[in-house]
Amino acid sequence: HRSSGINAEYGENAEGGSFWIKTLAKGASTAGALLAAVMGIFVLISLSAKCIAMGIYMVAAGLVVLMLEATMCFLFLDIGKWIESKSDRIRAWQKMVLYFGMCIPAAVICGSTSSIVGSLGFLVAGMSYMVLTVGRKGQGPPAAASVPYARQMDDISTA
């Protein structure tokens, strides 16, 4: 029984994830963004122009993820209040695609160990939202929905 988009038995909302899974996804994304930003600083200490550019990209992308996931850290900025009002409207699959897309450029263009480890931070963020997008394991049709199919199979086997 769903009322106002909430399944009381599992504590889910209309998007499919429980409060704890969403909190875990936000925490993992925040940790991944911090990892990417710190690794971006290490990538900046390079002699290659490509790696320096990717280091700047990683720090900036890490700050964007932090703004989306840990909005309370940016409320002192004028844009922080605006981001807080908009960040809850972004669906889990949109964040998943964004974070998966963020992990590719630095790892491919620079290719250093620091850039790959930093890109793993974005990959963790994307995977945490993939869990929200895919849903619970074994979430199939209810048993009552499969009864007509079972009857069809019995009819076929007896014929």
Side-chain angles (χ1 to χ4, degrees), residues 2-141:
R2 288 188 185 254
S3 61
S4 70
I6 296 178
N7 184 342
E9 183 180 355
Y10 296 108
E12 293 182 353
N13 65 9
E15 198 169 308
S18 71
F19 169 77
W20 296 110
I21 297 295
K22 285 187 176 191
T23 304
L24 182 65
K26 279 191 174 283
S29 298
T30 303
L34 288 172
L35 174 69
V38 169
M39 287 294 133
I41 292 170
F42 286 120
V43 173
L44 280 171
I45 306 169
S46 173
L47 299 177
S48 168
K50 286 193 253 182
C51 287
I52 292 172
M54 287 300 102
I56 294 170
Y57 164 78
M58 288 175 67
V59 171
L63 287 175
V64 167
V65 174
L66 278 176
M67 282 185 185
L68 289 174
E69 299 299 333
T71 55
M72 67 285 224
C73 296
F74 296 93
L75 288 179
F76 62 92
L77 298 174
D78 290 334
I79 196 168
K81 294 177 180 107
W82 181 79
I83 289 173
E84 182 183 31
S85 68
K86 304 292 183 196
S87 68
D88 290 337
R89 295 183 190 169
I90 302 173
R91 296 184 180 269
W93 71 267
Q94 293 168 329
K95 286 184 178 182
M96 176 191 74
V97 170
L98 175 69
Y99 298 158
F100 278 149
M102 283 181 170
C103 77
I104 296 170
V108 171
I109 293 174
C110 182
S112 70
T113 305
S114 298
S115 66
I116 292 172
V117 170
S119 293
L120 287 176
F122 294 128
L123 186 69
V124 166
M127 290 176 68
S128 65
Y129 277 99
M130 187 176 74
V131 169
L132 278 172
T133 302
V134 172
R136 279 193 331 267
K137 180 180 174 183
Q139 190 174 16

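I90 has its side chain out of reach of L98: every pair of non-hydrogen atoms, C-beta onward, lies at least 4.5 Å apart. Side-chain contact between L66 and C73: absent, with no pair of heavy atoms (C-beta onward) separated by less than 4.5 Å. Using a 4.5 Å heavy-atom cutoff, the side chains of S29 and E69 are in contact. Within the 4.5 Å cutoff, side-chain heavy atoms of K26 are placed close to those of Y129.
L68 contributes atom CG, which lies 11.0 Å from atom CG of L63 (distance to the nearest 0.5 angstrom). To the nearest 0.5 Å, the span separating CZ on F19 from CD1 on I21 amounts to 11.5 Å. Taken to the nearest 0.5 Å, the CG atom of D88 stands 12.0 Å off from the CD1 atom of I83. The structure places CD1 of I45 at 10.0 Å from CD1 of I52, a figure rounded to the nearest 0.5 Å. Rounded to the nearest 0.5 angstrom, L44 CG and S115 OG are separated by 11.5 Å. A distance of 12.0 Å separates NZ in K86 from CD in E84, rounded to the nearest 0.5 Å.
Listed here is the closest heavy atom pair of V59 and A37: CG2-O, 3.5 Å. Closest of all the heavy-atom pairs between S46 and C51 is OG-CB, 3.4 Å. Here the shortest heavy-atom pairing between C103 and F122 reads CB-CB, 3.7 Å. Nearest heavy atom pair, residue S87 against residue T71, reads OG-CG2, 3.7 Å. In terms of heavy-atom proximity, V43 sits nearest to C110 at CG1-SG, 4.2 Å. Considering all non-hydrogen atoms of both residues, A125 and Y99 come closest at CB-CD1, 3.6 Å.
Among residues two or more places apart in sequence or in another chain, the side-chain hydrogen bond (donor to acceptor under 3.5 Å, both in side chains) test is passed with T30 by none.
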>> Quick one, M39 with S114, criterion side chain to side chain contact (heavy atoms under 4.5 Å, CB included). Give me CA distance, side-chain angles, the key distance, then yes/no.
In response: CA-CA 6 Å; M39 287 294 133; S114 298; 4.2 Å; yes
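Remark: F42 CZ is loosely packed, at most 12 non-hydrogen atoms of other residues, nucleotides or ligands lying under 6.0 Å away. The environment of M127 atom CE is sparse: at most 12 non-hydrogen atoms of other residues, nucleotides or ligands sit within 6.0 angstrom.
Y57 places a side-chain N or O within donor-acceptor distance of the main-chain N or O of M102, the cut-off being under 3.5 Å.
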